[in-house]
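Reviewing the structure listed below.
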Amino acid sequence: KFQDNQLRIKAMTWLSENSNRSLDISSSPTQIAQKLPANTLATFTTHDFPASWHNAPPPWQDTIRQGWQTITGLNLEEEVLPWLDGELAVAALPNPQARLNVMSLVLVAQTQNRPQAEAALAKMDQFVQQNRAWQISKDNQITTWKMPPGIPLGQHGWLDQQTLFVSLGPSVNQALQPQTTPPLTQAPLFRQVLPRSGSSQLFVDFNSFFNLRQISPLLPHLAPSLDNTLQPFQGLGISGQVRNRWSQEYEIRLSLNPSN
């Protein structure tokens, strides 16, 4: 239905009758978006990453597993998933101070096993140093990967005792500090399209993405037909919840720009 300048859709997906899979149920709302800055371009968050990983389609798992090992050198199943046991967010953040306005990709995750997570991060540092010839520098518990002659390519560190971040792109640690910027959960657009928290959420700020793309030649361009379809929209919010062992429900909100 259309209400308050928004297109609102409720949807449901379910496993086929012949499926040998079942869904893990996680009913608690995700809160980790509070760790992201208000100018976040897009993010996917989940309250319970182990459940979300279990519920993800196998082809998605294969793609993520292979991509993670290519980038970090870590075996996802053996060296990451055992300690990745809490909330998780994957986000795209703008970097107005960076050359060519390049955005950063960031993973923010909570863990109950910090020693195991730190061991994985140390092994990841060793991999990028030996296999990519990147330089490693450390400052105030923040590790930065650099390409000669010192261009930052990524970072990782801890936001609190149980929350770590790993990023690719220009430095983002200042943007993730709560005292320097209001959180994403206070951003008006985020509150418009995601008025209620689900166990998993997807948020996209179309206006900020399109505005940044005009001044950043490195941002990807969409197919013209998709680009034209999305231009009238201000933002997207999808809130998901597993109802039972075989079905999930979603609330989708597409907010139109005021002129539309």
Side-chain angles (χ1 to χ4, degrees), residues 21-38 40 42-57 60-61 63-65 67-69 71-72 74-93 104-125 141-143 154-168 172-173 175-179 181 183-187 190 194 196-203 237-245 248-250:
R21 299 174 57 224
S22 63
L23 302 175
D24 277 0
I25 300 174
S26 176
S27 57
S28 299
T30 176
Q31 303 292 332
I32 201 168
Q34 296 175 4
K35 302 288 187 181
L36 301 174
T40 297
T43 185
F44 168 79
T45 65
T46 175
H47 170 76
D48 185 344
F49 179 74
S52 294
W53 178 256
H54 173 85
N55 297 339
W60 292 17
Q61 292 181 344
T63 300
I64 294 171
R65 188 182 294 113
W68 182 264
Q69 182 142 14
I71 294 172
T72 68
L74 298 179
N75 183 299
L76 190 65
E77 303 282 354
E78 298 177 2
E79 299 174 295
V80 179
L81 294 184
W83 54 263
L84 208 58
D85 52 13
E87 292 202 50
L88 177 140
V90 179
L93 306 184
S104 293
L105 298 178
V106 184
L107 180 146
V108 179
Q110 295 179 337
T111 178
Q112 299 295 321
N113 193 335
R114 179 163 176 162
Q116 195 172 7
E118 288 181 330
L121 293 174
K123 186 173 181 179
M124 183 168 60
D125 287 342
Q141 296 187 337
I142 302 296
T143 298
Q155 285 185 310
H156 64 75
W158 293 86
L159 302 178
D160 56 44
Q161 187 62 29
Q162 296 182 325
T163 309
L164 63 86
F165 77 92
V166 180
S167 70
L168 288 175
V172 298
N173 60 302
L176 294 173
Q177 300 303 317
Q179 66 270 23
T181 180
L184 176 60
T185 50
Q186 293 182 13
F190 184 89
L194 288 168
R196 290 180 294 276
S197 294
S199 59
S200 61
Q201 294 180 326
L202 176 68
F203 168 75
I238 302 177
S239 178
Q241 196 80 40
V242 177
R243 296 188 60 194
N244 48 48
R245 292 292 181 183
Q248 303 183 70
E249 62 181 3
Y250 303 91

### Query
Measuring from His54:NE2 to Leu81:CG, what's the distance to the nearest 0.5 Å?
13.0 Å
### Message
Using only atom types and a distance under 3.5 Å, with no angle test, would you say the side chain of Gln241 pairs donor to acceptor with the backbone of Ser199?
### Response
yes
### Query
Is the backbone N or O of Ala109 less than 3.5 Å from a side-chain atom of Thr163, with the two atoms forming a donor-acceptor pair by type?
no
### Query
Of the non-hydrogen atoms in Ala38 and Ala187, which two are nearest, and what is the gap between them?
O-CB, 3.8 Å
### Query
Checking side chain to side chain contact (heavy atoms under 4.5 Å, CB included) for the pair Leu176/Leu93: CA distance, chi angles, key distance, verdict?
CA-CA 10 Å; Leu176 294 173; Leu93 306 184; 4.1 Å; yes
### Query
To the nearest 0.5 Å, what is the distance between CG (Leu194) and OG1 (Thr45)?
8.0 Å
### Beyond-backbone contact of Ile71 with Leu168, side-chain heavy atoms, under 4.5 angstrom
yes
### Message
Set out, in order, the CA-CA distance, both residues' side-chain angles and the distance that settles side chain to side chain contact (heavy atoms under 4.5 Å, CB included) for Leu36 and Phe203, then state yes or no.
### Response
CA-CA 12 Å; Leu36 301 174; Phe203 168 75; over 6 Å; no
### Query
Taking atom CG of Leu164 and atom CZ of Arg114, what is their separation to the nearest 0.5 Å?
8.5 Å
### Summary
In short, Ile64 meets Leu76 closest at the heavy-atom pair CG2-CD2, 4.2 Å
### Query
Which pairs, with at least one residue in residues 80-89 and sequence neighbours excluded, count as a salt bridge (charged side-chain N to carboxylate O under 4.0 Å, His left out)?
none
### Task
Side-chain contact test, heavy atoms from C-beta onward, threshold under 4.5 Å: evaluate it for Gln112 versus Gln162 and give yes or no.
yes
### Query
So, for Ala92 and Thr40, which heavy atoms are closest and what is the spacing to 0.1 Å?
O-CG2, 3.7 Å
### Message
Is it the case that the side chain of Gln141 and the backbone of Trp158 share a donor-acceptor pair, with hydrogens and angles ignored and the cut-off at 3.5 Å?
### Response
no
### Message
Are the side chains of Phe190 and Gln201 in contact, using a 4.5 Å heavy-atom criterion?
### Response
yes
### Message
Is any side-chain heavy atom of Phe165 closer than 4.5 Å to one of Lys35?
### Response
no
### Query
Would you say Thr72 and Val80 make side-chain contact, with heavy atoms under 4.5 Å?
no
## Note on the structure
Closest non-hydrogen atoms of Ala120 and Leu74, given as atom of the first, atom of the second and distance, are O-CD1, 3.7 Å
### Task
List for me each residue that meets side-chain hydrogen bond (donor to acceptor under 3.5 Å, both in side chains) alongside Thr111, sequence neighbours excluded, and say none if there are none.
none
### Task
Looking only at non-hydrogen atoms, find the nearest pair between Val106 and Ser167 and report the distance.
CG2-CB, 3.9 Å
### Task
Might you point out which heavy atoms bring Ile142 and Gly157 nearest each other, and give the distance in Å?
CD1-CA, 4.1 Å
### Distance, nearest 0.5 Å, that separates CD of Gln116 from CG of Leu84
10.5 Å
### Query
Are Glu118 and Trp83 close enough, and set up right, to give a side chain to side chain contact (heavy atoms under 4.5 Å, CB included), and what steps lead you there?
CA-CA 10 Å; Glu118 288 181 330; Trp83 54 263; over 6 Å; no
#### Entry: Euclidean distance, Gln31 CD relative to Gln110 CD, rounded to 0.5 Å
9.5 Å
#### Entry: Trp53 vs Leu88 side-chain heavy atoms within contact, under 4.5 Å
no
